[in-house]
Amino acid sequence: MLHILKNMKPRDRWLALVCLLLVCGQVYFDLRLPDYTAEITVLISSEVTELSEYYSAGAKMLGCALCSAVMTVIVGYFAARIASDFSFDVRAKLFNKVSALGAGEIKKFSTASLITRTTNDITQIQMLIAMGLQMMLRAPIMAIWAIIKIVGKSWQLSVVVAAAVVIVVTSMIILLAVMIPKFRIVQKQVDGVNRITQENLNGIRVVRAFNAEKYQEEKFDGANTSLMKTQLFTGRGMAILSPIMMFVQSCVSVGIYYVGARLINNINVPLNGTVSEMMLAVSDRATMLGEVVSFSSYALYVIMSFVMLLMIFMMLPRAQVSANRINEVIDCDIAVQEGKETKASETGTVEFKDVSFRYPDASEDCLKHISFQAKKGETVAFIGATGSGKSTLAGLVARLYDATSGKVLVDGKEVSGYSFETLYNKIGYIPQKATLFADTVEGNISFGKSAQKVTTDDVEKALDIAQASDFVHAMDDGLQSHISQSGSNVSGGQKQRLAIARTIARKPEILIFDDSFSALDYKTDRILRQRIKTDLKGTTCLIVAQRIGTIRHADRIVVLDNGAVAGIGTHEELMKNCEVYKQIALSQLSADELAANA
């Protein structure tokens with residue numbers, strides 16, 4: 001709780017202090033009720049009592065109950081406000097941190113886990129704060145205050161309360177020892193359920209195509225059943241608490257009244273004594289009866305305090321696990337740090353100088369001593385077998401990762417020296433998997449922030465170059481047509497063309513196509529590349545591709561083999577000098593087709 005208070009806004013700290021004062025007032029009024037109950041008990045035992053005295057004591061009890069109720073409502077409101085404000089700030093901080101994470105950090109945590117940490121984990125902390133400000137503040141204050149009230153009244157009655165407290169504390173310790181390990185498991189199991197659900201939704205077409213619905217159901221059922229069993233175990237453990245506490249409270253009440261009856265019975269009324277002596281003995285009995293009644297109430301308050309503490313302690317381990325998981329993300333070191341450079345002496349150039357790269361925790365480099373240069377307006381293509389490092393190379397230019405060694409230069413300066421805004425205003429990156437957002441066509445094309453504002457004319461021109469105008473204007477609402485989440489209402493080729501148009505509309509100096517033509521037919525692929533060459537003169541293009549037809553007309557082709565450069569040159573040069581490239585080309589086209597295309 002102290003750590004949480006340190007991270008609260010000053011306003012919320014003041015509200016927490018107000019909650020503390022209100023809880024003190026609430027406990028004060030609650031603990032006044034047994035005193036008035038004892039007073040009424042004594043009045044009932046008295047033979048000469050005015051009715052107005054009953055009304056007075058009853059009115060005081062009603063006033064205390066109303067004051068306590070009002071303070072309870074106010075504390076509940078403030079606690080909920082503080083908890084929601086805190087969770088809002090933590091969720092925003094976590095979201096901003098996740099947005100700043102590099103591809104390596106995202107893979108480390110996994111998407112499913114990050115979603116759980118942003119939702120369920122923060123909810124656990126929010127519940128702890130909301131309940132903690134009410135129970136955690138109230139329980140110790142009430143327990144200490146009630147104990148002070150009963151200390152010195154009767155050691156016999158105090159023994160009964162002490163025995164009850166020992167039973168409650170022992171039960172708490174045993175329950176916590178059994179439950180805490182289970183709470184640590186729950187959040188990881190939630191991650192597992194979330195991951196399987198996400199996989200099933202993202203891969204629904206594959207699941208149906210391979211008739212794997214039953215397999216996915218069984219896979220989900222396994223993870224869900226494990227979570228259910230753990231939750232049932234913890235739920236049953238919590239369920240045991242209620243009957244234990246009810247039994248202890250009942251035993252305490254019976255014990256106090258039994259011991260109290262013995263104490264009252266020990267006060268002898270002298271039958272042969274004077275009237276004053278008899279009246280004094282009766283008065284002592286009435287006073288003892290009032291003390292027994294009030295003592296019973298105080299004892300229940302003490303036990304209730306421990307019950308409230310137990311509830312908090314049951315929530316605390318799970319919230320602590322959630323807090324640790326959130327802190328893992330917030331405290332995570334970001335490998336790709338932003339630079340400060342905003343200007344460059346060149347335009348549209350890319351150069352790799354002896355670049356090597358190794359993924360975190362990998363045993364060897366996936367790129368080895370890569371060197372090449374792309375001048376302004378040139379098209380440089382990359383080809384190689386699957387896993388040769390083509391996409392990784394493109395990602396180094398876009399700073400998805402930073403090179404392990406060597407230098408990656410854009411416009412004559414290392415990419416690590418640029419501010420993110422400056423770098424991403426220079427480059428336009430189209431990843432392998434085209435991602436569209438739930439928005440209109442125009443909203444998707446003009447998405448993001450660029451050096452120049454993207455106008456409707458820019459959108460139209462970008463769609464035309466990307467060969468997307470025809471199908472967009474064939475939609476019912478044209479540019480205002482709705483695109484579903486992830487572009488599920490358009491085909492793979494249409495999705496790629498929209499993604500390409502989105503990048504072109506930003507007018508970058510350098511275009512990076514990371515296998516972005518894979519879903520296009522050969523004709524559309526050829527026309528699109530021709531339009532880029534004619535309409536975007538001066539724009540440097542880096543193309544990662546698998547098809548020879550896509551890259552054969554590039555100014556230079558870089559052939560990768562197991563992360564190393566196997567050859568650099570034009571198509572004709574590589575056909576003569578690079579055996580790796582020749583094998584790739586002949587695996588796609590026959591020698592006659594290659595000659596005819598030439």
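Everything quoted here is computed from the prediction, not taken from an experiment. For reference, positions follow the sequence shown, starting with 1.
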- Item | Any donor-acceptor N/O pair, Glu338 side chain to Phe420 backbone, under 3.5 Å | yes
- Message: Side chains of Ser391 and Gln432 only: does a donor on one sit below 3.5 Å from an acceptor on the other?
- Response: yes
- Query: Between Thr539 and Glu509, is any side-chain donor less than 3.5 angstrom from a side-chain acceptor?
  - Reply: no
- Task: For Ser516 and Ile500, work out which heavy atoms get closest and say how close.
- Result: O-CD1, 3.8 Å
- Query: Would Arg531 and Asp464 pass as an ion pair if we require N to O under 4.0 Å?
  - Reply: yes
- Item | Test side-chain contact (heavy atoms from CB on, under 4.5 Å) applied to Val459 and Asn444, Leu479, Val441, Val472, the passing residue | Leu479
- Query: Which value, rounded to the nearest 0.5 Å, describes the distance between Met475 atom CE and Asp470 atom CG?
  - Reply: 12.0 Å
- Task: State, without any angle test, whether Ser99 and Asn96 hold a side-chain donor-acceptor pair at a distance under 3.5 Å.
- Result: no
- Item | Value rounded to 0.5 Å, distance of CZ in Arg506 from CZ in Phe447 | 10.0 Å
- Message: Could you walk me through whether Gln373 and Thr349 satisfy the side chain to side chain contact (heavy atoms under 4.5 Å, CB included) test, starting with their C-alpha distance in whole Å, then the side-chain angles of each, then the deciding distance to 0.1 Å, before giving a yes or no?
- Response: CA-CA 8 Å; Gln373 185 177 18; Thr349 64; 5.5 Å; no
- Between Asn489 and Ser484, is there a donor-acceptor pair closer than 3.5 Å when you use the side chain of the first and the backbone of the second? yes
- Message: Using side-chain heavy atoms (C-beta onward) and a distance below 4.5 Å, is Ile584 in contact with Ile548?
- Response: yes
- Task: Answer yes or no: is there an ion pair linking Asp514 with Lys390, defined by an N-O contact shorter than 4.0 Å?
- Result: no
- Task: Verify whether one side chain among His553 and Gln530 offers a donor that lies under 3.5 Å from an acceptor in the other.
- Result: no
- Could you point out which residue of Leu463, Ile483, Thr503 forms a side-chain contact (heavy atoms from CB on, under 4.5 Å) with Ile445? Leu463
- Message: Measuring from atom CD1 of Ile82 to atom OG of Ser87, what distance do you get when rounded to the nearest 0.5 angstrom?
- Response: 12.0 Å
- Message: Please check this pair: side chain of Asp521 against backbone of Thr524, looking for a donor-acceptor N/O pair closer than 3.5 Å.
- Response: yes
- Measure from the side-chain N and O atoms of Lys368 to the backbone N and O of Gly563, and report whether any donor-acceptor pair falls under 3.5 Å. no
- Query: Going by atom types only, do Ser84 and Gln126 share a side-chain donor-acceptor pair under 3.5 Å?
  - Reply: no
- Note on the structure: Rounding to 0.5 Å, atoms CG (Leu227) and NZ (Lys229) come to a distance of 12.0 Å
- What distance separates Gln124 CD from Thr116 OG1, expressed to the nearest 0.5 Å? 11.5 Å
- side chain to side chain contact (heavy atoms under 4.5 Å, CB included) between Ile543 and Thr550, intermediate numbers included: CA-CA 9 Å; Ile543 302 176; Thr550 300; 4.2 Å; yes
- When you look at Thr455 and Asp458, which way does the side chain to side chain donor-acceptor pair (under 3.5 Å) test go after all the steps? CA-CA 5 Å; Thr455 64; Asp458 295 329; 3.1 Å; yes
- Message: Quick test of your reading of the model: are Arg556 and Glu378 salt-bridged, counting only N-O distances below 4.0 Å?
- Response: yes
- Can you pull the salt bridge (Lys or Arg N to Asp or Glu O under 4.0 Å) pairs that have at least one residue in residues 485-504, sequence neighbours excluded? none
- Item | Distance, nearest 0.5 Å, that separates CG of Leu396 from CG of Leu367 | 6.0 Å
- Query: Does Arg399 make a cation-pi contact with Tyr429, if we ask for NZ or CZ under 6.0 Å from the ring centre and within 45° of the axis?
  - Reply: no
- Task: Side-chain contact test, heavy atoms from C-beta onward, threshold under 4.5 Å: evaluate it for Val98 versus Arg117 and give yes or no.
- Result: no
- Is the distance between the ring centroids of Phe382 and Phe372 under 6.0 Å? yes
- Item | side chain to side chain contact (heavy atoms under 4.5 Å, CB included) evaluation trace for Ile125 with Ile326 | CA-CA 10 Å; Ile125 297 175; Ile326 292 169; 3.5 Å; yes
- Between Cys366 and Thr392, the two heavy atoms sitting closest are SG-CG2, 3.9 Å
- Task: Identify whether the distance between the nearest side-chain nitrogen and carboxylate oxygen of Arg195 and Glu199 falls below 4.0 Å.
- Result: yes
- Got a donor-acceptor contact below 3.5 angstrom from the Thr225 side chain to the Gly222 backbone? no
- Query: Is it true that Asp89 and Lys93 have a side-chain N and a carboxylate O under 4.0 angstrom from each other?
  - Reply: no
- Give a yes or no on whether a salt bridge exists between Asp457 and Lys461, defined as a side-chain N under 4.0 angstrom from a carboxylate O. no
- Task: State, to 0.1 Å, how close Ile510 and Gly348 come at their nearest heavy-atom pair, and which atoms those are.
- Result: CG1-CA, 4.0 Å
- Message: Regarding Gln546 and Ser518, do their side chains bring together a donor and an acceptor under 3.5 Å, going by distance alone?
- Response: no
- Ring centres of Tyr359 and Tyr401 under 6.0 Å apart? yes
- Okay, side chain of Thr404, backbone of Arg358: is any donor-acceptor separation there less than 3.5 Å? yes
